Amino acid sequence: KKVNKQNYIYKMGIKFMKFKFTMIIWTVLFLANSFLFSNEPSSADSLITQKFDVKKYYAEINLTKAFNKEISGFCSTEVIWREKTDAVDSVFVDGIKSDYEKKNEENLALFHYKVNLPDGINTSESVVKIYYHGVMTAEKTQMVWGGVHADNDIVFAMGVGFYNNYVSTTRHWLPCYDHPSDKAECEFKFRVNSENVVASNGILSVKDISPLIKEYHWTHNHQIATYLMTFAVGKFDIIDWKYNETPIMIFTRPQFKAASEFAYSKVPDMIKAFEEVYGKYPFDKVGYVNAKLGAMEHQTMVTMDEKYIQNLYSGKVNANLVAAHELAHQWFGDLVSPLTFRDAWLNEGFATFSEAVWAEAYTGDYAYFLSTLKAKRTEYFADPSLLYPLVGFPRESISNYPALIYDKGALVVGMLRDYIDVSGAYDFYDVIQQYLDDYKNQSITSYDLQKSLENHTGLDLDFFFKQWVYGIGYPK
């Protein structure tokens, strides 16, 4: 996530979809009929274990009126029951119509719809099918970021909010259990007017439905947190490249095509640089789409700010630290995700550290690795409002994504690198690859990172994490 502030990255948020009809679900929660089995939904900062595990989201979505922010379609959610339950949240459960009720007020973090499990459901797996239509909206906080944005040229979704009290904003366009703790595969079929193109997660196939309608079928057979799902609709040109066997797709409006060909020209080198330290790129494609806001690390389809791309082109600077930061997220945040947003520094700290990795690879000079991290240190020391721990900072008073978790997070990763390397017996990047392999396709906490590093080095890192991750302030 980058709000182009001196080429650094920050996140923001957006409000719930305001649908025209009540047969719409903002957040699909699988809750039990009896209060003995009912769970509250997980919040941005805390996990409440649910009775289900989402296996896959399959949606067919009509976006032919997308430029009015209108949406219609259905979403089928495949779930595995972790234990015997009496209820599920949906409109149809295994083909049986189910009642539902609104829970909490719409401005509260735990607003959701509870749908009761119909009689006769006795299976270890179910399919929840929700028909919906309405008007998509964006967050109504001091910085409008997450949710769905539209104008005459482009409609696109951003996956998180900076100031909203629920953080993940895919609920603005897709019925889902919108929490990073439950990852699933996804498959989306978007129908649009034939002059438009849809960018999204995964691998693309396209077919003509009629002379006026095209269907963009995106399939992502990898685990993905809901906040990393996205779409963008516009009259895009597509730039197709490859790095080895990995496709690279750049979606851009025609007036930014030349700028994009220049600004993204080093993406293959970025992939190479990160593969050398973090291991093989974990997904089927690398994708970027230029929009009116950015940046955001949607899995395999990063959303970038087209103004930033144009500025790089105008200045003849193709290092593109923002694209590198978001690419690094494909390992840190996407392949391995946070269990809750309390641990968002695991995403942003490693991705910001990776800017320094890319600066060194781009220039061939280790001095640029050091100078990039020193710039983060200068920013962090200059802002006394950032004297909080990386885990458990007061998001209500600062932001869901303060500079704290970027700058201090990157410095903490850098110190971990030095501490592990100086120990003499271990290479930091080898250990990080083992960490990524330990938790690939999972959602984790800072404690999991600590235990993985300890297991693969034999070091006791308890003092380090207490001081630098859970502690407050900086050395004097």
Side-chain angles (χ1 to χ4, degrees), residues 12-29 57 59-77 89-91 100-109 111-113 115 129-178 186 188-193 195-200 212-216 218 226-227 229-235 289 291-293 296 298 303:
M12 307 179 174
I14 297 199
K15 212 61 171 166
F16 290 99
M17 253 189 292
K18 299 295 184 184
F19 288 107
K20 295 177 179 176
F21 299 94
T22 57
M23 283 281 274
I24 302 302
I25 298 184
W26 284 260
T27 307
V28 183
L29 295 173
Y57 295 102
E60 295 187 10
I61 299 172
N62 186 326
L63 293 177
T64 55
K65 297 182 179 180
F67 293 96
N68 297 325
K69 298 182 80 172
E70 293 185 27
I71 187 172
S72 64
F74 70 83
C75 179
S76 290
T77 305
D89 167 70
S90 157
V91 175
Y100 64 93
E101 58 182 304
K102 184 186 292 188
K103 307 291 287 187
N104 297 317
E105 296 299 318
E106 292 181 15
N107 63 336
L108 298 179
F111 171 72
H112 63 278
Y113 279 80
V115 179
K129 192 171 186 178
I130 302 161
Y131 290 89
Y132 66 106
H133 64 280
V135 177
M136 304 171 285
T137 63
E139 166 187 36
K140 294 180 176 66
T141 61
Q142 59 264 51
M143 288 187 76
V144 179
W145 182 270
V148 179
H149 302 260
D151 61 23
N152 293 328
D153 300 306
I154 186 171
V155 181
F156 63 99
M158 300 291 278
V160 295
F162 270 71
Y163 293 99
N164 58 330
N165 56 14
Y166 48 94
V167 185
S168 185
T169 55
T170 295
R171 67 194 74 187
H172 285 267
W173 61 274
L174 184 75
C176 58
Y177 181 60
D178 203 8
C186 65
F188 303 132
K189 292 182 178 180
F190 299 97
R191 292 191 177 186
V192 293
N193 297 326
E195 69 270 19
N196 291 314
V197 174
V198 183
S200 189
L212 299 178
I213 304 294
K214 285 185 180 291
E215 180 178 88
Y216 286 81
W218 287 96
T226 53
Y227 78 96
M229 299 174 183
T230 192
F231 72 88
V233 180
K235 296 178 176 65
V289 57
K292 301 296 181 71
L293 287 175
M296 174 65 202
H298 303 115
T303 303

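Predicted model only: the values in this text are computed from it and were never measured. Side chains are part of it too, since the values below use all heavy atoms of this structure and drop only hydrogens, waters and symmetry mates.
Under the side chain to side chain contact (heavy atoms under 4.5 Å, CB included) criterion, Ala66 pairs with Leu63, Val155, sequence neighbours left out. Partners of Asn196 according to the side chain to side chain contact (heavy atoms under 4.5 Å, CB included) rule, which considers only residues two or more places apart in sequence or in another chain, are Phe67, Val192, Asn193, Val233, Lys235.
Remark: Thr226 OG1 to Asp178 CG distance equals 3.5 Å, nearest 0.5 Å. Rounding to the nearest 0.5 Å gives a distance of 8.5 Å between CG of Leu212 and CD of Glu195. To the nearest 0.5 Å, atom CZ of residue Phe156 and atom NE2 of residue His149 are 5.0 Å apart. With values rounded to the nearest 0.5 angstrom, Met158 atom CE is found 13.0 Å from Tyr227 atom OH. A distance of 6.5 Å separates CE in Met229 from OG1 in Thr170, rounded to the nearest 0.5 Å. Distance check, rounded to the nearest 0.5 Å: CG of Leu174 to OH of Tyr132 gives 5.0 Å.
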Checklist entry - Can you check side-chain contact (heavy atoms from CB on, under 4.5 Å) on Tyr216 and Ile61, steps first, answer last? => result CA-CA 10 Å; Tyr216 286 81; Ile61 299 172; over 6 Å; no
Item to check | Check against ring-ring contact (aromatic ring centres under 6.0 Å, His included), Phe188 and Phe231 | outcome: CA-CA 9 Å; Phe188 303 132; Phe231 72 88; 8.9 Å; no
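Within a 6.0 Å radius of NZ in Lys65, no more than 12 heavy atoms belonging to other residues, nucleotides or ligands are found.
Between the Lys69 side chain and the Ala150 main chain, no donor and acceptor come within less than 3.5 Å of each other. Proximity of a side-chain donor or acceptor of His298 to a complementary backbone N or O of Gly159 within less than 3.5 Å is detected. Side-chain atoms of Trp145 do not come within 3.5 Å of backbone N or O of Leu293 as any donor-acceptor pair. Remark: the backbone N or O of Arg191 is not paired with any side-chain donor or acceptor of Thr64 at under 3.5 angstrom. Side-chain atoms of Thr230 do not come within 3.5 Å of backbone N or O of Ser200 as any donor-acceptor pair.
Under the 4.5 Å side-chain criterion, counting only non-hydrogen atoms from C-beta, Asn62 is not in contact with His133.
The minimum heavy-atom distance linking Ala291 with Thr303 is given by the pair CB-CG2, 3.8 Å.
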